Amino acid sequence: MQITVHFYSYFKELTGCAETSEQLAHKSTIADLQAQLAKRFPKLHEMQNSTLIAVGVEYQGKAYELQEGDAVSFFPPVQGG
Amino acid sequence: MQITVHFYSYFKELTGCAETSEQLAHKSTIADLQAQLAKRFPKLHEMQNSTLIAVGVEYQGKAYELQEGDAVSFFPPVQGG
Amino acid sequence: MKRELTVSPSPIDEGALIAARKMSSGMGAAVYFSGVVRGLESNEAIAAIDYEAFHKMAEHQFYLLFDEMEKRWPIESVRLVHRLGKVNVGEASLWVEIIAPHRAESFAACQWLIDEMKRLVPIWKKPLQ
Amino acid sequence: MKRELTVSPSPIDEGALIAARKMSSGMGAAVYFSGVVRGLESNEAIAAIDYEAFHKMAEHQFYLLFDEMEKRWPIESVRLVHRLGKVNVGEASLWVEIIAPHRAESFAACQWLIDEMKRLVPIWKKPLQ
């Protein structure tokens with residue numbers, strides 16, 4: 001299945017892109033997606049302990065099971081105000 | 001010595017006046033002044049546990065030793081805001 | 001710490017006060033509190049509150065509180081307006097502005113100042129039907 | 001609880017926002033917070049901050065916070081404005097208004113909302129020299 005991936009803030013600099021798409025096996029989780037992205041984006045992988053993850057507009061954890069067409073966002077700690 | 005006494009808020013209703021003056025012996029304290037006022041203003045006396053007392057623009061306690069010309073104010077708990 | 005205190009019967013023009021705000025470039029936080037006369041006092045409908053002050057002492061006690069506030073927090077400026085006389089339901093009787101480097105101290109100082117005012121500043125209210 | 005949320009690059013006109021305030025007669029407290037861009041960020045002089053948002057998620061997360069706030073406190077109304085894009089030093093990037101019956105809940109809700117925003121709402125800043 002195909003998943004759209006978005007990066008925000010300085011994660012765009014770390015990956016060199018704002019958006020990409022990944023092919024994943026059926027029933028893959030966010031953790032699986034992260035493992036796959038780690039190979040392409042080692043600098044993103046280094047930030048994994050401070051990475052926030054959303055699917056659509058909701059926060060989700062690493063165990064979240066992805067579905068075809070999901071838009072997953074990775075971003076650093078937020079800083080509004 | 002002569003002391004000016006002011007009442008504020010509903011203490012004016014309790015005493016029927018906004019201002020009065022009292023003759024006191026030299027070295028009299030606020031407690032002495034209160035005892036003297038209690039005779040004239042029994043309704044004021046009833047409120048003594050919730051009475052705030054100032055000399056000039058500073059709060060003072062019952063042991064404060066008054067001086068000729070002092071302006072003493074008696075008032076109920078404040079309610080600004 | 002800059003101080004600006006107004007204890008007077010004039011209506012509080014919050015827009016004009018905001019427009020006159022001055023903050024140096026190190027300041028990141030402005031907190032405001034507007035206390036507005038409610039239509040109920042002790043569960044009875046009222047039309048207004050009449051505020052009475054021991055004016056000279058009220059100002060003195062406010063300045064003492066400003067002195068103490070300055071010792072406790074790195075506040076750049078405080079402005080406080082308290083109305084006297086008749087204040088109708090829906091009108092502001094109290095307006096406070098605290099300007100500080102950061103949010104935490106601006107909120108803490110503003111709440112402390114109002115708490116202390118309610119304990120120490122000789123102003124009283126009488127509900128008017 | 002009434003909600004009004006603006007996440008946009010437009011400057012925040014605090015005077016106009018105050019002038020548009022609506023409070024029912026049971027409300028006694030309005031608290032405001034203005035967050036202003038400081039001239040120093042991590043001890044370095046800056047000229048502005050560039051705010052980036054995941055816009056759709058930011059709005060959604062703000063509304064989730066408003067829902068939660070309504071459960072916790074008897075708030076009549078919340079208005080929140082967050083700027084995006086370049087905000088110069090001395091300009092407000094955040095403006096919040098909370099209207100409630102009493103002071104304590106208005107302060108508590110306002111502080112809670114800003115704390116939670118800083119934890120959950122996807123907005124980021126980049127200092128500009």
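Please read all numbers here as calculations on a predicted model, not as lab measurements. Worth knowing before you read on, the calculation uses all heavy atoms, side chains too, and leaves out hydrogens, waters and symmetry mates. In what follows, every chain begins at residue 1, and chains take the letters A, B, ... in the order their sequences are listed.
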Could you look at [X] and say if it's the side chain, the backbone, both or neither that has a heavy atom under 4.5 Å from chain B?
{"X": "C:E59", "answer": "neither"}
{"X": "C:F54", "answer": "both"}
{"X": "C:L120", "answer": "both"}
{"X": "C:A53", "answer": "backbone"}
{"X": "C:R119", "answer": "backbone"}
{"X": "C:I123", "answer": "both"}

**Asked** Charged N to carboxylate O under 4.0 angstrom, C:E52 versus B:K12?
**Response** yes

**Message:** Between the side chains of B:K43 and B:E13, is the shortest nitrogen-to-carboxylate-oxygen separation below 4.0 Å, so that they form an ion pair?
**Reply:** no

**Item:** Non-hydrogen side-chain atoms of C:E70 and C:V78 separated by less than 4.5 Å
**Value:** no

**Item:** Side-chain touch B:V5/B:T15, heavy atoms, less than 4.5 angstrom
**Value:** no

**Request:** Name the orientation class of the two ring planes belonging to C:W95 and C:Y32 (parallel below 30°, tilted from 30 to 60°, perpendicular beyond 60°).
**Result:** tilted

**Prompt:** According to the interplanar angle, ranging from 0 to 90°, do the rings of C:F66 and C:Y63 count as parallel (below 30°), tilted (30 to 60°) or perpendicular (above 60°)?
**Reply:** perpendicular

**Asked** side-chain contact (heavy atoms from CB on, under 4.5 Å) between B:E22 and B:R40: does it pass, once the steps are laid out?
**Response** CA-CA 11 Å; B:E22 288 288 317; B:R40 274 175 68 194; 2.2 Å; yes

**Request:** Tell me, for B:Y10 versus chain C, whether the close heavy atoms (under 4.5 Å) come from the side chain, the backbone, both or neither.
**Result:** neither

**Item:** Over 12 non-hydrogen atoms of neighbours within 6.0 angstrom of NZ in C:K2
**Value:** yes

**Message:** Tell me whether the count of non-hydrogen atoms from other residues, nucleotides or ligands lying under 6.0 Å of NZ in C:K126 goes above 12.
**Reply:** no

**Fill in**
Filtered by a 4.5 Å non-hydrogen cutoff, the part of residues 74-81 of chain B contacting chain C is B:F75, B:P76, B:P77, B:V78, B:Q79, B:G80, B:G81

**Item:** When C:K118, C:K56, C:R83 are compared by non-hydrogen pairs under 4.5 Å with chain B, the top option
**Value:** C:K118

**Request:** Please assess C:I46 against C:Q129 for the test side-chain contact (heavy atoms from CB on, under 4.5 Å), listing each intermediate value before the final yes or no.
**Result:** CA-CA 5 Å; C:I46 63 166; C:Q129 252 73 35; 4.0 Å; yes

